[in-house]
Amino acid sequence: MSEERIKGNDYLSQAEIDQFNVEGYLIFDGFFDRDLNKRLKEDVDQLMINRANKGETTLMALPALGPLTSEPTVVDRVADLMRTTFTHHHIHARWQGKGESGVSWHHDYEQVPQTNRSHLMVHVFIYLDGLNGEIGDLLVLPKSHQRVMARDAYRQFMYEDLLGSVTIDNLSPGSFVVVHSALQHARRPKPGGETFRRYFIDTSYCQHGILWPASRRLWQLNQMALDLGWDRDGKYAFLYDNSCFFDPHDYMEQFNIQNQGSLAVRLMAETDSTS
Ligand SMILES: [Fe+2]
């Protein structure tokens, strides 16, 4: 899928767009209305029950979580960052309670191998009951998306503070944080959670114009979204276009053979054979 320029929605100011490009994230505090928030929590609660009972666990099929992938409150702001068409990559959801373990520093930019940041991928971290310093804090390392590195480059630091890192532990219900997917982030485990549950959803979007790695299951889910009408009468059909994905498993053997030595040598050989 080649990227198509789209008209921005102007929900984001140029200062916010610049801030995102420099820092790698933007916080939207309390942006979901109460009804949407309530319906999403009901879906997450049902999902957790279903997981425990081996019931329906396909998020795309659920009445609030499915259409969340095209929720205008989110995707219209993502569009202001992309300025081109883009495709939904995944949705995950759960609540986290007392004793939840942490997640070490990492980033989630899908690229094999990690070589450049020419096209934008974002993750949207949604906190239905906000963050209050219990169970888990979100840590981000501003500007880290600007340097190309392996996803686990900082893993040894677990969820310790890093020089310049920011701890996000105070958000209103219905908040979301849009992060550049290459931004290093972590979840620091915290005590608490006896009564408070940390409702967490993450969705992700990939800019059109290149091929992104994704499993074939995603292709089925995006088709399901179209079948269920989550494209909102076609307005957001571009979100479920699978033509910007490839399954990396199809290419790993060939990749491992090709991904050795000097790219320059290969480029020179190509130039020689064509000149
Ligand atoms: Fe992550």
Side-chain angles (χ1 to χ4, degrees), residues 1-3 24-25 57-60 69 78 82 84-92 94 101-125 139-141 143-160 162 179-187 202-225 238-275:
M1 172 91 189
S2 59
E3 70 262 56
Y25 70 104
T57 57
T58 304
L59 277 67
M60 199 59 91
T69 55
V78 170
M82 297 274 186
T84 67
T85 47
F86 51 96
T87 299
H88 161 258
H89 185 272
H90 69 252
I91 176 170
H92 302 142
R94 55 179 297 221
S101 60
V103 178
S104 301
W105 286 103
H106 68 283
H107 75 72
D108 296 307
Y109 191 83
E110 293 282 354
Q111 193 175 56
V112 186
Q114 297 279 332
T115 55
N116 67 78
R117 300 290 180 255
S118 66
H119 286 69
L120 180 58
M121 178 179 186
V122 302
H123 276 56
V124 183
F125 299 153
L139 311 181
V140 296
L141 185 61
K143 302 186 173 72
S144 53
H145 65 299
Q146 297 177 11
R147 296 188 299 277
V148 177
M149 65 180 87
R151 293 168 67 148
D152 62 353
Y154 292 169
R155 179 181 287 169
Q156 69 270 31
F157 300 113
M158 301 287 285
Y159 18 77
E160 295 301 313
L162 302 179
V179 303
H180 190 301
S181 299
L183 188 78
Q184 286 284 339
H185 59 281
R187 186 175 73 233
D202 99 76
T203 59
S204 179
Y205 302 92
C206 297
Q207 187 173 27
H208 285 166
I210 57 170
L211 291 179
W212 297 87
S215 76
R216 286 200 160 77
R217 173 69 176 149
L218 166 67
W219 306 355
Q220 296 165 3
L221 293 173
N222 279 344
Q223 183 58 49
M224 180 187 289
F238 64 88
L239 288 177
Y240 307 108
D241 183 327
N242 284 324
S243 62
C244 69
F245 295 122
F246 73 101
D247 186 339
H249 296 101
D250 293 346
Y251 300 94
M252 281 322 290
E253 193 178 334
Q254 196 182 352
F255 170 80
N256 288 329
I257 295 167
Q258 293 277 338
N259 187 34
Q260 298 182 49
S262 167
L263 180 60
V265 169
R266 210 164 301 136
L267 289 171
M268 283 177 208
E270 265 179 38
T271 306
D272 288 347
S273 67
T274 54
S275 59

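The first residue in the sequence is number 1, and the count goes up from there.
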Report the distance from atom CG of Leu183 to atom NE2 of His106, rounding to the nearest 0.5 Å.
-> 10.0 Å
Does Arg155 CZ have over 12 foreign heavy atoms under 6.0 Å away?
-> no
Main-chain N/O of Gln258 paired with Gln254 side-chain donor or acceptor, under 3.5 Å | no
Greater than 12 external heavy atoms within 6.0 Å of Tyr251's OH | no
Starting at CD1 of Ile91, measure out to CG of Leu59 and round the result to the nearest 0.5 Å.
-> 5.0 Å
With the side chain counted from C-beta on, respond yes when Gln184 and Leu162 share a heavy-atom pair under 4.5 Å apart, and no when they do not.
-> no
Non-hydrogen side-chain atoms of Phe246 and Pro213 separated by less than 4.5 Å = yes
Run the numbers on Met82 and Val122 for side chain to side chain contact (heavy atoms under 4.5 Å, CB included), then give the verdict.
-> CA-CA 9 Å; Met82 297 274 186; Val122 302; 4.3 Å; yes
Side-chain heavy atoms of Phe86 within contact of Cys244, under 4.5 Å | no
To the nearest 0.5 Å, what is the distance between OH (Tyr109) and CG (Leu120)?
-> 7.5 Å
Heavy-atom check, side chain of His107 versus side chain of Gln114, under 4.5 Å = yes
Quick one: pull up NE2 in His180 and NZ in Lys143 and give me the separation to the nearest 0.5 Å.
-> 14.5 Å
Look at the side chain of Gln260 and the backbone N and O of Asn256, then say whether any donor-acceptor pair between them is shorter than 3.5 Å.
-> yes
Heavy-atom check, side chain of Arg216 versus side chain of His249, under 4.5 Å | no
Considering all heavy atoms of both residues, which atom of Phe255 and which atom of Val112 are nearest to each other, and what is their separation?
-> CZ-CG1, 3.7 Å
Within a reach of under 6.0 Å around CE of Met252, are more than 12 heavy atoms found that belong to other residues, nucleotides or ligands?
-> yes
What is the minimum heavy-atom distance between Met149 and Ala153, and which atoms define it?
-> SD-CB, 3.8 Å
Reported CG-to-OG1 distance for the pair Leu221 and Thr69, which is rounded to 0.5 angstrom = 9.5 Å
Can you find a pair of side-chain heavy atoms, one from Val179 and one from His145, that are under 4.5 Å apart?
-> no
Between His89 and the options Phe245, Tyr205, Tyr240, the ring pair (Phe, Tyr, Trp, His ring centres under 6.0 Å) test singles out Phe245
Taking side chain as C-beta onward, heavy atoms only, is His90 less than 4.5 Å from Glu110?
-> no
Look up atom CG in Leu263 and atom OG1 in Thr115, then write down how far apart they are to the nearest 0.5 Å.
-> 9.5 Å
Only one of Trp105, Tyr159, Phe125, Tyr154 clears ring pair (Phe, Tyr, Trp, His ring centres under 6.0 Å) with His185; which?
-> Phe125
Would you name the heavy atoms of Leu211 and Ser243 that are closest together and state the gap between them?
-> CD2-O, 3.5 Å
Looking at Arg151, His119, Arg117, which hits side chain to side chain donor-acceptor pair (under 3.5 Å) with Gln111?
-> Arg117
Enclosure of Glu253 CD (heavy-atom neighbours >12, cutoff 6.0 Å) | no
If you measure only the distance, is there a donor-acceptor pair under 3.5 Å linking the side chains of His208 and Thr87?
-> yes
Is any side-chain heavy atom of Ser204 closer than 4.5 Å to a side-chain heavy atom of Met121?
-> yes
